Every structure is written in C-alpha cells, then in structure tokens.
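Notes to accompany the following structure.
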Amino acid sequence: MKENNKMPKVYTIMWAVIAVAYGLWMSIFMSWNQYESINPEPFLELPTDAFVKMFDGVLQKPMYPSALIYWIWVIGSTILLFLYPVFIKKILYSDKLSKATTIFCVINLFVGCAFITVYGFLDYPEQFGNILTDVTASMLGLKYPWLFKCWGVFASLSIFTNTLYMYRKNNYFSKFGVIVTSIGCASIFVTINVPSAGLDLVATPRCLGHWSTALIFAFLAAAGIIVFLIHMVKTKDKKYIVATILFAAILALMLVLLVTVGKSAFIENLPMWVAYILLFVVNFTSFFDNKKETSKV
C-alpha cells in the first residue's frame, strides 16, 4: 500500500475535461433526430446481398423517440462520466478494499460479461449471414440502439472498475495504466452515440468516429491490463508469465481473425471474455495470491 494514498489531481482534472467535452459535444454538435431510421421489414424478401447493400449502416429503429429522451440520456451519461474519478478514489486510493467495494466490482464484472455475451448472440438475422463471421456489435446496434448503449456502458464500467480493483489488490499504482484505461473506457461513449455507418461509407466522419473510438476502447482497455501483467512478469511469477502469454496470444488471434475472417460480435468478444476471466481470477480468487510484489509508487 502506498504510504501516501492521496489520489493525484490529474485524474480528477482529466475526467472533468472528458465529461465537459462530452457534454458540450452532445449538446452542441449532436441532436436527438440526427440519424434517420428506416423500417426494413417490407424489404425482408430481398436477396441477402441486396438487403445488406440497402440497409448497411441504416438504423432500423429511431435512436431517440423524442428530444426529452435524448436530453435525459445526455445528462445521465455526462453525470456518469463525472463519477469515474470517484471510482478511482474509492477503489484505488481507499485505505482498504471494503466488502461493499468488492461486491460492487464483482457485480459489475458479472453484469458486464453476461450482457456483452447475450448481446453478441442476440439476433440471427439472415440478412447478415453467419453469426460467427458477419454480425457485429455495431450492426446489432442499428437494430437495437438502446441495447448497444447499454453494451458500451456496461463494458466500460466493468472493465474500468475491475482493472482498478486489480491494481489496488496488488498495490500497483501506475499512472500510465490508469490514464490509458480511463481514455479507453471514456472513448466508448462516443462509439455508442454514433451508429455504425456500414462498409460503404468508410471515409465519412460518422464511420471514422464510430470505428476509431471503438478501437481506442479495445486497445487502451487492454493496455491497462497488459501494463499490469508486464509488471507482474518482472516478479518472475510463472502464473503471471503464462497469463500474459495467453492474453497476448488472444489479442493477436483477434487481429488475425479480423484481417482474415472479418468483423463479428464473436471475434470482438474473444478478448473481452478473456479479460473478464483474468480479472475475475486475479481479483476474486486466491490463484495469483502468492509471490506478489508491491509496485513502485
């Protein structure tokens, strides 16, 4: 445990800037009726290729039923972002990990894992082909925009709080790790507010905003875990060495599959499932509890 467990101000400032920037972006540059929606049901008899071409990137339900719903979401999601430094304080810089904190984090972990799993296999639309190779979380979001928002929120909260819990349990206080995890978990809030533009509109701000922030979330959230694993590898603990190799191998496999097979919710979920398993084992079992070192402050 750090002798001085006072939380650095940089975290509060960083998250305040993120929350204010997000609130302004949603208030000034976005609007409740910005993205049009079309009911695809009259066209379901079209051949698969024709259907995909017509509805690629098109919302199948309104993202927001009314302006009131939109502003409730804007205010609620902005307040949530302001709570992230509170999580840092309560989890990483508390005097000790309380039972309430442990329960909060383990519930977050199970809810996040369960939701992304169910969401990824939520639908088997024939127009999108094979569930293992064609249906992505973003494409499902075109049909289920509010469930896609929940997907992003639950994934962000569960990975963020449990990465912090892992750090605190192992007396690891890497500013780099906290910052990259924070940026990654904040970026998904852009992804879930900007629906996928599909494959035919790659060079548009909508597509670049959606894809880039999704990738930032994926790689920086993973980076927050990787820097911890690398730190623990330096202790020459064989269990952490094996865990690091396996985690890196899964990330490499995901990249290979994305290039060779294509995007899919199944492929997208692979590293998430492995991250959840790793976080659960490190945080809530005694499997890794031997030969730990206190990190440098």
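A quick note: this is a predicted structure, and the numbers were derived from the prediction, not measured.
Within the model, atoms SG of Cys113 and CG of Asn108 stand 12.5 Å from one another, a figure rounded to the nearest 0.5 Å.
Between Tyr165 and Phe284, the ring-plane angle classifies as tilted under the 30° and 60° cut-offs. Ring pair Phe160/Trp15 is perpendicular by interplanar angle, where above 60° counts as perpendicular and below 30° as parallel.
The side-chain contact (heavy atoms from CB on, under 4.5 Å) test applied to Val111 returns Ile107, Phe154, not counting sequence neighbours. Applying the side-chain hydrogen bond (donor to acceptor under 3.5 Å, both in side chains) criterion to Ser212, with sequence neighbours excluded, gives no partner residue. Legend: residues meeting side-chain contact (heavy atoms from CB on, under 4.5 Å) with Ile79, ordered by chain and number and at least two apart, are Ile75. Taking Trp146 as the reference, nothing meets the side-chain hydrogen bond (donor to acceptor under 3.5 Å, both in side chains) condition, with sequence neighbours excluded. The ring-ring contact (aromatic ring centres under 6.0 Å, His included) search around Phe217 returns none, not counting sequence neighbours. Annotation: ring-ring contact (aromatic ring centres under 6.0 Å, His included) contacts of Phe247 (sequence neighbours excluded): none. For Ser27, the side-chain hydrogen bond (donor to acceptor under 3.5 Å, both in side chains) criterion is met by no residue, not counting sequence neighbours. With sequence neighbours excluded, the residues that form a side-chain contact (heavy atoms from CB on, under 4.5 Å) with Ile28 are Leu24. In terms of the ring-ring contact (aromatic ring centres under 6.0 Å, His included) criterion, residue partners of Phe228 (sequence neighbours excluded) are, by chain and number, Tyr172, Tyr240. The side-chain hydrogen bond (donor to acceptor under 3.5 Å, both in side chains) search around Tyr35 returns none, not counting sequence neighbours. The side-chain contact (heavy atoms from CB on, under 4.5 Å) test applied to Phe82 returns Ala16, Ala19, Val20, Thr78, not counting sequence neighbours.
Dense packing is recorded around NZ of Lys149, with more than 12 heavy atoms of other residues, nucleotides or ligands lying under 6.0 Å away.
Listed by first and then second residue, the side-chain hydrogen bond (donor to acceptor under 3.5 Å, both in side chains) pairs involving residues 216-227 amount to none (not counting sequence neighbours).
A cation-pi arrangement is absent between Lys6 and Tyr93 under the rule of less than 6.0 angstrom and at most 45 degrees off the ring axis.
Aromatic pair Tyr144/Tyr119: centroids not less than 6.0 angstrom apart.
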